[in-house]
Protein chains: 2
Amino acid sequence: MRKPTLHDVAAEAGVSYATADRVLNKRGGVAKKSQTRVEAAIAKLGYQRDITAANLSRRRLYRFHVLLPNAAGGFFASLRQLLSEQEEAQRKARQAITITPVPPFDPTALALEIDRAVGAGCDGLCVVAVNHPEVSAALGRARAQSIPVVTLVADSAEGDRDCYVGIDNRTAGRTAADLILLSHRRHAQRGLILPVMGSLQARDHAERYAGFCEVVADQMAVLPPLETGDDPTRLNQLLTAALAAEPGITGLYNLGAGVPGLIAALDHRGSDNIAGRPVVVSHELCNATRKAVADGLIDAVIDQKPAQELSQALAALIALSDGLALDPTAGQITPAVHFKHNMPPQPAAGPNKGA
Amino acid sequence: MRKPTLHDVAAEAGVSYATADRVLNKRGGVAKKSQTRVEAAIAKLGYQRDITAANLSRRRLYRFHVLLPNAAGGFFASLRQLLSEQEEAQRKARQAITITPVPPFDPTALALEIDRAVGAGCDGLCVVAVNHPEVSAALGRARAQSIPVVTLVADSAEGDRDCYVGIDNRTAGRTAADLILLSHRRHAQRGLILPVMGSLQARDHAERYAGFCEVVADQMAVLPPLETGDDPTRLNQLLTAALAAEPGITGLYNLGAGVPGLIAALDHRGSDNIAGRPVVVSHELCNATRKAVADGLIDAVIDQKPAQELSQALAALIALSDGLALDPTAGQITPAVHFKHNMPPQPAAGPNKGA
DNA sequence: CATTAAATGATATACGTCTATCATTATCAC
DNA sequence: GTGATAATGATAGACGTATATCATTTAATG
């Protein structure tokens with residue numbers, strides 16, 4: 001027995017195809033009686049609209065807007081790069097993706113771009129959230145027009161979006177804590193840990209920090225975190241000073257950006273005996289962290305796998321605009337943990353061949 | 001400008017739709033001249049067949065056969081469970097998946113089931129490979145009929161399959177090594193490590209072992225591996241004896257199955273001071289390893305994320321049967337590393353609601 | 001009962017591809 | 001040139017849905 005079609009539903013309900021269609025697509029102008037009969041038939045037959053046929057008929061193009069912070073270099077730059085590489089492939093799947101760079105941490109600018117995307121016609125939004133009433137309001141306006149919203153990397157309030165795709169930052173902080181505990185595993189002396197972060201205001205940093213402290217606090221001493229604003233220069237200065245002031249530091253958790261500053265401060269100390277240097281755990285696999293791991297300056301890197309995040313975000317948008325229920329694991333990303341000897345190969349950075 | 005259709009291609013090539021179709025679908029009976037003109041037109045217009053329309057027209061059903069070892073409990077049991085849960089969702093996507101249990105490590109039985117699946121009509125095979133000429137031959141027969149073959153979890157020779165979906169076992173072994181190195185990081189004394197494995201004959205075990213040794217060998221002493229045949233009882237016996245014989249062991253790498261035996265042997269030693277106990281790294285997140293980590297008997301678990309493997313394997317089969325080029329990262333799975341404080345929630349084991 | 005509005009049915013076209021049939025034209029050997 | 005074969009063109013129906021039009025039936029109102 002093949003999949004039931006809308007014709008089958010109409011027959012089962014004893015109405016015409018047109019009426020069944022009116023119910024299915026909520027076109028209105030149907031008597032309540034017919035409405036219920038059609039719905040009953042749909043339930044009875046287990047009818048599922050054939051989305052491919054529907055899309056074919058509609059000449060559907062999924063128009064997705066992705067708003068990414070335009071921070072130069074680093075994590076978001078590689079995200080933008082990845083996305084533009086995927087663009088061609090997505091086009092084949094009837095997806096037209098518009099990438100809009102947005103000033104980072106600027107709620108007004110982000111809200112403006114959200115409204116603009118909605119105005120320009122859009123079937124789905126993918127946004128790196130900034131927690132702010134203006135942004136919430138703009139996302140609310142989008143969702144009021146039933147435009148699906150997916151937050152990427154940084155989440156917003158649950159009511160603001162349909163799905164969050166990214167790592168659980170609290171768990172990531174706990175992972176870092178476990179790594180540092182492991183490094184002190186066979187060590188009698190109590191550890192002294194220094195967290196290094198961009199800002200306690202940034203929700204993702206705050207969550208990582210909280211998760212980290214939850215686990216580490218009762219087994220080790222944790223110094224007050226350095227807040228660097230993700231600025232390498234400032235990070236270098238603060239960290240150099242802190243290391244000088246506290247020679248007993250046995251571990252560092254760098255949970256934000258500004259890795260070059262971290263490296264400068266660590267490198268400066270010279271490469272005396274490895275066992276004596278603090279254990280260093282950092283986030284995000286990039287050129288800087290790769291090199292630092294290879295050089296033995298960073299012990300472990302927690303990576304959120306931007307490529308996978310992107311494809312899951314787009315998949316979620318498609319599912320949402322098809323009106324499918326998201327399975328609960330849709331947005332979950334398990335971060336990868338990398339060390340000196342299990343580094344994945346550097347992805348080829350070459351642009352697409354051909355015109 | 002919208003996507004070009006096959007009609008556009010025909011017009012561009014100056015032939016009829018029928019001829020363009022004959023070329024596109026290799027029906028034969030076309031003059032070489034027309035053939036090249038059509039191909040040139042396809043290239044010029046960048047024509048891409050609309051797969052959704054094609055599938056609609058063909059009433060296509062992807063009939064995939066998944067052959068999984070029928071080992072009771074443990075890793076493959078959870079794989080089978082996952083797969084049957086996904087079945088309903090896949091059906092919506094025009095996929096009919098047949099799960100066939102196969103005796104583990106039995107090349108003849110596996111080859112037989114492969115041939116049977118091919119005979120029964122099949123558009124794609126997903127197999128946990130066993131390296132053996134009989135299996136290679138059966139896979140070769142399948143591929144001779146241009147049935148795509150994906151190996152899952154355990155790879156076969158490169159020529160036998162189109163794609164391998166799973167972790168890189170050598171890299172996983174290196175990850176385990178890095179974890180153990182990290183645990184000895186702040187430790188002056190040279191470590192003494194005992195590897196515990198199912199069999200050196202199993203390719204995945206051998207690869208993990210090799211990767212592990214590559215990294216660890218020059219910094220620590222590695223004892224000859226225990227070969228347990230993945231049997232918990234035997235593992236318990238061998239390990240208990242080994243721990244008694246070598247009280248100086250500082251680390252264990254359990255790279256196969258039989259975790260309950262591992263736990264019995266470790267538990268038996270009593271929970272004296274944690275710092276004194278060997279560091280334990282194991283594979284596969286399951287009830288046994290979860291509990292052992294919670295109890296502090298296992299320090300880290302490397303998991304290959306069976307759910308993700310399955311969905312990637314099916315995605316690869318679809319891409320292959322659509323004749324698309326696989327992107328090179330299609331089969332790559334980055335294993336997750338879990339510790340006591342970053343355990344993911346136990347997935348709900350409930351069956352699908354409704355009939 | 002007549003009048004108007006609401007609900008429904010019947011039907012046609014389109015989306016882009018696949019498949020099949022049949023008529024037409026080109027090509028070859030002899 | 002004749003006949004046979006190969007290549008091509010023209011066309012129609014199907015897949016399941018979306019969308020629109022128009023005619024018809026049903027219900028509501030006075």
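Side chains included, hydrogens not; waters and symmetry mates left out as well; all remaining heavy atoms used. Proteins get letters first, then strands, A, B, ... in listed order; numbering begins at 1 in each. The structure displayed is predicted, hence computed values, not measured ones.
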Do any N or O atoms of the protein come closer than 3.5 Å to N or O atoms of nucleotides 8-13 of chain D, and which pairs are they?
{"from": "D:dT8", "atom 1": "OP1", "to": "B:Ser34", "atom 2": "OG", "distance (Å)": "2.0"}
{"from": "D:dT8", "atom 1": "OP2", "to": "B:Ala31", "atom 2": "N", "distance (Å)": "2.6"}
{"from": "D:dG9", "atom 1": "OP2", "to": "B:Ser16", "atom 2": "N", "distance (Å)": "2.8"}
{"from": "D:dG9", "atom 1": "OP2", "to": "B:Ser16", "atom 2": "OG", "distance (Å)": "3.1"}
{"from": "D:dG9", "atom 1": "OP2", "to": "B:Thr19", "atom 2": "OG1", "distance (Å)": "2.7"}
{"from": "D:dG9", "atom 1": "N7", "to": "B:Arg22", "atom 2": "NH2", "distance (Å)": "2.9"}

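- At a threshold of 4.5 Å between non-hydrogen side-chain atoms, the residues A:Ile42 and A:Leu24 count as touching.
- With contacts defined as side-chain heavy-atom distances shorter than 4.5 Å, the pair A:Leu326/A:Leu320 qualifies.
- If you measure from atom NZ of B:Lys26 to atom C1' of C:dC18, you get 16 Å, rounded to the nearest angstrom.
- Among the nucleotides C:dG16, D:dA18, C:dC18, the one closest to any side-chain atom of B:Ala54 is C:dC18.
- To the nearest 0.5 angstrom, B:Asn55 atom CG is 9.0 Å from B:Asp50 atom CG.
- Between the CZ atom of B:Arg59 and the P atom of C:dT17 there is a distance of 18 Å, rounded to whole Å.
- Among the protein residues, A:Asp21 comes within range of the nucleic acid bases, having at least one heavy atom under 4.0 Å from a base atom.
- A cation-pi contact links A:Arg60 to A:Tyr62, judged by a cut-off of 6.0 Å to the six-membered ring centre and 45° from its axis.
- Within the structure, salt bridge (Lys or Arg N to Asp or Glu O under 4.0 Å) pairs that include any residue of residues 136-160 of chain A comprise A:Asp115-A:Arg141, A:Arg143-A:Asp162, A:Asp155-A:Arg161 (at least two apart or interchain).
- Between the CG atom of A:Leu6 and the C1' atom of D:dC15 there is a distance of 14 Å, rounded to whole Å.
- In this structure, B:Arg27 atom CZ and C:dC18 atom P are separated by 7 Å, rounded to whole Å.
- Base contact: A:Leu56 has a heavy atom under 4.0 Å from a base atom.
- For the pair B:Asn25 CG and C:dA20 C1', the interatomic distance rounds to 13 Å; values are reported in whole Å.
- Scanning both residues, A:Lys305 and B:Lys305, for their nearest heavy atoms gives NZ-NZ, 3.2 Å.
- Per the geometry, NE2 belonging to A:His7 stands 12 Å off P belonging to C:dT11, to the nearest Å.
- Listed pair A:Asn55 / C:dC15 fails the phosphate criterion, with no side-chain N or O lying under 4.0 Å from OP1 or OP2.
- Taking all atoms of both residues into account, the shortest heavy-atom contact from A:Glu12 to A:Ala41 is CG-CB, 3.6 Å.
- Note: NZ (B:Lys3) to P (C:dG16) measures 9 Å, nearest angstrom.
- The side chain of A:Arg58 places an N or O atom within less than 4.0 Å of a non-bridging phosphate oxygen (OP1 or OP2) of D:dA18.
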